[in-house]
Amino acid sequence: MPIVTGSSVLRGLDEEQKAAVVAPPGPVCILAGAGTGKTRAITRRIAHRVISGQIQARHVLAVTFTARAAAQLRERLAELSAHGVQARTFHAAALRQLRFFGPRLLKGREVPALLESKTRLVVQAATRAGLRTDRLVARDLASEIEWAKSSLVEPGEYVVAAAKANREPPVEAAQVEAVFTAYEKIKRTSGVIDFEDLLRAMCWGIEEHSDVAEQIRAQYRHFVVDEYQDVNPLQQRLLDAWLGGRQDLTVVGDAAQTIYSFTGASSSYLVDFPRRHRGATVVRLVRDYRSTPQVVGLANAVIGQARGAESRLRLDLVGQRPAGPAPEMRIFADEVAEASAVARRCGELIAAGVAASEIAVLFRANAQSETYEGALADVGIPYLVRGGERFFERVEIRQARAALRAATRADSSAELISIVGEVLAGIGWQPERPPGGGAARERWEALAALVRLAADFRPGPDELAGLEGFVADLDRRADSQHVPTVAGVTLASLHSAKGLEWEAVFLVGLAEGSLPTSYARSFEAVEEERRLLYVGVTRARQWLWLSYGEARSPGGRARRACRFLPQFGGESPADRTKRVPVQKGERRRTVIVSCRVCGATLLAGIDRKLGRCAGCPSTMDEALFERLQQWRATAAAAASVPAYVVFTDATLTALAERQPSDTAGLLAIAGIGSRKVAMYGEEVLELLRAAPTKKDLATEG
């Protein structure tokens, strides 16, 4: 292994990364956009400080949120010869400290066993609180208790705190409070602690025991926190206890990737870092090495519309890769047609040499996976479902299929959709508004997908009809989707995709009600949905596809496009000239306009009109622009209308920059339609033809 030196640690860094690495001791905030090399920056910062003798490796504690991320930090630090640095998750660090200080803090008693899952005790607590529940609702109650404890909310404070936070609990708030109270009592009598207790115990140990605080602070003097936008109040309290008022803290995060507020995570600590730590060094990493300029341009356009506290730290990314294909936007008649087109395109990419493992189909809710599992299976493409079970392996779907199969033995002449609804009602599903809580809502959505399959069921001429035929159809679907999962296309929810990347990404189901979800009712919730889409876009390295079906099912009610992508709503004349033939079931395909200078995706109206990014250099002929202004003034006076009615300044700028030579060139400029061409086309083209070209000017010079 080559010897690592201070200068070699800095080698290959861009200016912003280098500024982060050599920033002085004290509070440092690294705002790192997607794909900008944040892990590279923080590991090199640690290594640079160790190698240069500023700090000792054993005095550094780097914390993050997943064991995978912590392992990556340790691996990178080892490669940089920064041996001895502790890189752990918050919980792993707290557990290590509690086990060491436990005998002292607990006066010789053993540290209580750690509860791996709250569900069993929550079921007992619900019974004690007089609430009948199943394991699914118990999981949602456990999640609600985790939110409360992570937010430093005590059992008796839950009702008020939940109302202030606009929580949507799985049962009445007063019932959650009762279960929460009973859970804490059962847990204490059982002699166990949960993961939140682990953090709270160390907060207490440090805050109330000066000898423990002194020993920990003597050991750990320099702190690094990754993904700081995901810190919750309990984790921040532990971090403050570790610091003890000291200022050698480096945090790295991206407010635009705040997508876990439902768990208690708060980006406020990242947003307010400069205020909480006066004199803090703030470094912005904006050079995106992951995605093409076209993907980066779309990501900037999505997050550029953001509002709220997180938008104060918005980063305008700059793509560093060579230009790539423009993101494709597709509108289909329904989700079935959308899924079939996605599967076909996946097949084309694989045939062109893209590994199946480098392709991902991302959606808002896990229940959406079934349609894509089936479509990929139909064309023989292997897949794997990340962060969830395959549709037909879900407990509620297995239970529903068993109930439907049993119902085939009953003689019924009712409509299929009615029979299926009755059978599912027998296992607890109701067609009304879905319940609160993540797990219960996912169960509802999965069973609702079965109902949609029943509504769409059309048996062939040689196939069984009615419920028996539908059950046979479900069996065929389940069998066909049991394909090998090695090296397959990834199917995942947008939340599960955080921190990952692929060569090709399909963002599907981008319709109102799906994204943003219909459950996002507050301003803050809608803004988090926008950030979720941003995270999805930034997962793609080269190929990006965005689509939605106008109806969920063939012939169903039409839906509106995702509000975060206004370009779904129509096409410019330039787009129409580039439109390609559509596949069966496809409504429309929009080809995104790219900057003619840097190749980035153009979504803002004025940028599309000019054919370049606002920040890219202009090629405008100033003299021609003045002549166009004079002509416009004359034309406006003759028609007795304001000058902008003839052409806006942006349109004149586009004409002076692009200097089209024919009608097709005029139509290629957004804002010039056939009516304007008929009225002014010949006059404008005559002006443009009379203008000296750059070649003429060079010859004259």
Side-chain angles (χ1 to χ4, degrees), residues 1-65 69-88 220-231 239 242-243 246-257 269-270 273-274 277-290 313 315-321 499 501:
M1 180 180 291
I3 297 175
V4 180
T5 63
S7 59
S8 66
V9 165
L10 299 178
R11 193 174 301 136
L13 300 177
D14 63 37
E15 290 304 310
E16 294 81 15
Q17 291 171 341
K18 191 177 296 183
V21 170
V22 302
V28 175
C29 178
I30 304 173
L31 302 175
T36 57
K38 69 178 180 65
T39 304
R40 180 184 179 89
I42 58 175
T43 52
R44 299 254 182 144
R45 173 169 173 76
I46 294 170
H48 182 263
R49 298 185 73 193
V50 169
I51 292 168
S52 62
Q54 298 177 37
I55 61 176
Q56 294 183 44
R58 63 188 180 88
H59 291 320
V60 181
L61 177 59
V63 288
T64 187
F65 288 85
Q72 185 182 36
L73 286 176
R74 290 194 295 270
E75 182 180 334
R76 295 275 191 96
L77 289 166
E79 291 172 355
L80 294 167
S81 298
H83 304 288
V85 172
Q86 296 296 310
R88 303 181 182 280
Y220 297 118
R221 306 174 187 179
H222 321 285
F223 295 85
V224 177
V225 184
D226 190 16
E227 302 286 4
Y228 194 54
Q229 77 278 352
D230 291 333
V231 164
L239 177 62
W242 283 337
L243 283 164
R246 295 170 296 170
Q247 293 290 306
D248 201 337
L249 169 65
T250 297
V251 300
V252 59
D254 181 8
Q257 296 189 65
Y269 303 112
L270 178 65
F273 190 87
H277 301 272
R278 298 296 182 185
T281 300
V282 179
V283 182
R284 293 172 176 255
L285 304 185
V286 297
R287 304 192 203 200
D288 188 322
Y289 298 95
R290 174 189 298 160
L313 300 185
L315 300 168
D316 193 21
L317 301 180
V318 181
Q320 302 298 300
R321 291 187 57 181
E501 59 187 75

Return the [atom1] to [atom2] distance between [X] and [Y], rounded to the nearest 0.5 Å.
{"X": "L315", "Y": "R287", "atom1": "CG", "atom2": "CZ", "answer": "13.5 Å"}
{"X": "I30", "Y": "R284", "atom1": "CD1", "atom2": "CZ", "answer": "13.0 Å"}
{"X": "R44", "Y": "I42", "atom1": "CZ", "atom2": "CD1", "answer": "12.5 Å"}
{"X": "T43", "Y": "Q72", "atom1": "OG1", "atom2": "CD", "answer": "8.5 Å"}
{"X": "R246", "Y": "R221", "atom1": "CZ", "atom2": "CZ", "answer": "8.0 Å"}
{"X": "L61", "Y": "H222", "atom1": "CG", "atom2": "NE2", "answer": "11.5 Å"}

- D226 with K38: basic N within carboxylate O range, under 4.0 Å: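 Between K38 and D226 there is a salt bridge, with a charged N closer than 4.0 Å to a carboxylate O.
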- Before giving the answer on side chain to side chain contact (heavy atoms under 4.5 Å, CB included), spell out for F65 and V231 the whole-Å C-alpha distance, their side-chain angles and the decisive distance to 0.1 Å. CA-CA 9 Å; F65 288 85; V231 164; 3.6 Å; yes
- Message: Is a donor from one side chain sitting under 3.5 angstrom from an acceptor on the other, for Q17 and E15?
- Response: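 No - no donor-acceptor pair under 3.5 Å links their side chains.
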- Item | Polar contact flag, side-chain donor to acceptor under 3.5 angstrom, T250-R45 |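 Yes, because at least one side-chain N or O of T250 sits under 3.5 Å from a partner of the opposite role on R45.
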For [X] and [Y], indicate whether the former's side chain and the latter's backbone hold a donor-acceptor pair under 3.5 Å.
{"X": "R74", "Y": "A87", "value": "yes"}
{"X": "R76", "Y": "L73", "value": "no"}
{"X": "R321", "Y": "R290", "value": "yes"}

Looking only at non-hydrogen atoms, find the nearest pair between [X] and [Y] and report the distance.
{"X": "L285", "Y": "A41", "result": "CD1-CB, 4.0 Å"}
{"X": "H277", "Y": "Q247", "result": "ND1-OE1, 3.2 Å"}
{"X": "G26", "Y": "D248", "result": "N-OD1, 4.0 Å"}
{"X": "D254", "Y": "A34", "result": "OD2-N, 3.8 Å"}
{"X": "L317", "Y": "G33", "result": "CD2-CA, 3.8 Å"}
{"X": "A62", "Y": "I46", "result": "CB-CD1, 4.4 Å"}

- For D14 and Y289, what are the C-alpha separation, side-chain angles and deciding distance, and is it a side chain to side chain contact (heavy atoms under 4.5 Å, CB included)? CA-CA 11 Å; D14 63 37; Y289 298 95; 2.6 Å; yes
- Query: Are any of the side-chain heavy atoms of R49 and P25 separated by less than 4.5 Å?
  - Reply: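 SC-SC contact between R49 and P25 confirmed.
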- For the residue pair V251 and V28, establish whether any side-chain heavy-atom pair is separated by less than 4.5 Å.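 They are not in side-chain contact.
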- Can you say whether the rings of Y228 and Y269 are parallel (under 30°), tilted (30 to 60°) or perpendicular (over 60°)?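 Tilted.
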- L249 vs W242, side chain to side chain contact (heavy atoms under 4.5 Å, CB included): CA-CA, chis, key distance, verdict: CA-CA 11 Å; L249 169 65; W242 283 337; over 6 Å; no
